[in-house]
Amino acid sequence: MRSETMTAGIPGSRGPVQGFFVTGTGTDVGKTVFTAALLRALRGRGMAAQALKPVQTGVRPEQLATSALADGVAYARAVADLPALWPAPAATLHCFRLPASPHLAAGEEGRRLTVAGLAADVRAHWQGTEASLLLVEGAGGMAVPINAEEDTLDFMAALDLPVLLVGGNCLGALNHVLLSLQALRLKGLRPAAVILMAPEEPEGLGAGERHDRERVLADNPVFLRRRLAAWGEDAPVVVLPRVARLDAAGWQELADACAVLLPALARHVPSLTGQAATD
């Protein structure tokens, strides 16, 4: 089912989709928060960027614009206090009620998604919107199935957008991020940036445990930068802070942290050059 927030999208001559594909090392690693924060960083600089969710699951279509579980609601809240820009900050192409992977959620409603169909939907949306850049956020991690034969990585390869890889900055982050980067390389995709989301502060840690934890978290981005450089990749690795509240101040703190990515992202999307130069 297509949601009411979908832009009609009539194929035209705007050229290929300009933007990034946001994916994660797994589910609930912070993809949506990062996407919303980067959206704020771009729209706060006057750029007509839009966050696009091709497949939303776990939300009833009639609640797509109001449910706290809808990613589009998070995108809109992140920029709610900024001067209004056209187009709308968020769009969703397909919405299914079951909180599951796209193949299961769609199948529950008698639908079958395909990579070719989803890629065509994104391209049609691009042709029909006035957005200058799309932040396309996938559902879950890269191996999440679209149908019995295809997964999100296949979808990413079909769109062939530069990738923003999001993971948690925690014990195990190196394994999760490195496996994800290797999967991208096997598909011929390049990371534009790696983003590590700061974890919650655990309670009850002793001084020694806290020191050990801080060493691990500090080493993760350093190690990943070295490994990417050894692979010949120039993607930056950025750690986003954890904010107390996702209010206007919290979103702005995250957007400011995302702003350091803009010069690197401009190498992939030329329309970002002006925004990168202002920082």
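Hydrogens, waters and symmetry mates play no part in the numbers below; they use all other heavy atoms, side chains included.
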Taking side chain as C-beta onward, heavy atoms only, is Met197 less than 4.5 Å from Asn169?
-> no
Should Glu109 and Arg97 count as an ion pair when the cut-off is N to O under 4.0 Å?
-> no
Treat each ILVMFWY residue as a node, draw an edge where side-chain heavy atoms are under 4.5 Å apart, and state whether Leu261 and Met47 are in one component.
-> yes
Could you please spell out the steps behind the side-chain contact (heavy atoms from CB on, under 4.5 Å) verdict for Val136 and Val22?
-> CA-CA 6 Å; Val136 182; Val22 182; over 6 Å; no
For Trp86 and Ala48, the nearest pair of non-hydrogen atoms, with its separation, is O-CB, 3.6 Å
Heavy-atom nearest pair, Leu64 first then Cys95, reads CD1-SG, 3.8 Å
Verify side-chain contact (heavy atoms from CB on, under 4.5 Å) between Ile195 and Leu164, making sure each step is shown before the conclusion.
-> CA-CA 7 Å; Ile195 300 90; Leu164 301 175; 4.2 Å; yes
Taking the side chain as every heavy atom from C-beta outward, state whether Thr23 and Met142 have any pair of such atoms under 4.5 Å apart.
-> yes
Salt-bridge test for Asp234 and Arg267: reply yes if a basic N is under 4.0 Å from a carboxylate O, no otherwise.
-> yes
For Gly24 and Val29, the nearest pair of non-hydrogen atoms, with its separation, is CA-CG2, 4.1 Å
Under 4.5 Å side-chain linkage, directly or through intermediates, the cluster mates of Leu98 = Leu104
Under a 4.5 Å side-chain heavy-atom rule over Ile, Leu, Val, Met, Phe, Trp and Tyr, are Leu189 and Leu161 clustered together?
-> yes
For Asp256, all residues meeting side chain to side chain donor-acceptor pair (under 3.5 Å), sequence neighbours excluded = Gln252
Inter-residue atom distance Leu217.CG - Leu171.CG, 0.5 Å rounding = 9.0 Å
Qualifying ring pair (Phe, Tyr, Trp, His ring centres under 6.0 Å) pairs, either residue in residues 32-72, two or more places apart = none
Side-chain heavy atoms of Pro54 within contact of Val122, under 4.5 Å | yes
Please tabulate, for the side chains in residues 173-180, all donor-acceptor contacts under 3.5 angstrom to protein atoms that are two or more places apart in sequence or on a different chain.
| residue | atom | partner | partner atom | Å |
| --- | --- | --- | --- | --- |
| His176 | ND1 | Gly172 | O | 3.3 |
| Ser180 | OG | His176 | O | 2.8 |

Could you pull out all residues at least two apart from Asn147 that satisfy side chain to side chain donor-acceptor pair (under 3.5 Å)?
-> Glu150
Is there a side-chain contact between Leu38 and Leu265, using heavy atoms and a 4.5 Å cut-off?
-> yes
Sub-4.5 Å side-chain heavy-atom contact between Leu246 and Leu254 = yes
Will you find, in the side chains of Asp121 and His94, an N or O donor that is under 3.5 Å from an N or O acceptor?
-> yes
Let me see the working for Phe21 and Glu137 under side-chain contact (heavy atoms from CB on, under 4.5 Å), right down to the final yes or no.
-> CA-CA 6 Å; Phe21 198 108; Glu137 184 189 345; over 6 Å; no
Leu224 and Leu196: CA distance, side-chain angles, deciding distance, side-chain contact (heavy atoms from CB on, under 4.5 Å) verdict = CA-CA 10 Å; Leu224 290 172; Leu196 298 178; 4.1 Å; yes
Answer yes or no: is there a side-chain heavy-atom contact under 4.5 Å between Val115 and Met156?
-> no
Closest heavy-atom pair and its distance - Gly168, Thr25 | N-OG1, 4.5 Å
Indicate whether any N or O donor in one side chain lies under 3.5 Å from an N or O acceptor in the other, for Tyr75 and Gln50.
-> no
Kindly determine whether Arg112 and Glu149 satisfy salt bridge (Lys or Arg N to Asp or Glu O under 4.0 Å), including the steps that lead there.
-> CA-CA 11 Å; Arg112 182 180 186 273; Glu149 297 81 29; 2.7 Å; yes
Which heavy-atom pair separates Leu240 from Ala257 by the least distance, and what is that distance?
-> CG-CB, 4.2 Å
Is the side chain of Thr35 donor-acceptor paired with the backbone N or O of Lys31 at a distance under 3.5 Å, no angle test?
-> yes
Should Asp160 and Lys187 count as an ion pair when the cut-off is N to O under 4.0 Å?
-> no
In Å and rounded to the nearest 0.5 Å, what is the CG to OG1 distance from Leu52 to Thr92?
-> 7.5 Å
Going from CG on Asp71 to OG1 on Thr57, what distance comes out if it is rounded to the nearest 0.5 angstrom?
-> 8.5 Å
Rounded to the nearest 0.5 Å, what's the gap from CG on Leu228 to CZ on Arg190? Could you check?
-> 10.0 Å
Please check if Leu159 and Val144 belong to a single hydrophobic cluster, counting links between Ile, Leu, Val, Met, Phe, Trp and Tyr side chain heavy atoms closer than 4.5 Å.
-> no
Rounded to the nearest 0.5 Å, what's the gap from OG1 on Thr152 to CG on Leu118? Could you check?
-> 9.0 Å
Spell out, as yes or no, whether a donor-acceptor pair under 3.5 Å connects the side chain of Arg45 to the backbone of Ala41.
-> yes
Cluster check Leu85, Val269: I/L/V/M/F/W/Y, side chain < 4.5 angstrom | no
Are any of the side-chain heavy atoms of Val33 and Val166 separated by less than 4.5 Å?
-> no
So if you build clusters from Ile, Leu, Val, Met, Phe, Trp, Tyr with side-chain heavy-atom gaps below 4.5 Å, do Val239 and Val216 land together?
-> no
Residues forming a side chain to side chain donor-acceptor pair (under 3.5 Å) with Arg226, sequence neighbours excluded | none
Specify the closest pair of heavy atoms between Leu69 and Gly58, including all atoms of both residues, with the distance to one decimal.
-> CD1-O, 3.8 Å
Is the NZ or CZ atom of Arg77 both under 6.0 Å from the centre of the six-membered ring of Trp251 and within 45° of that ring's axis?
-> no
Is there a side-chain contact between Arg43 and Pro89, using heavy atoms and a 4.5 Å cut-off?
-> yes
Any chance the side chains of Gln18 and Ser132 put a donor and an acceptor closer than 3.5 Å?
-> no
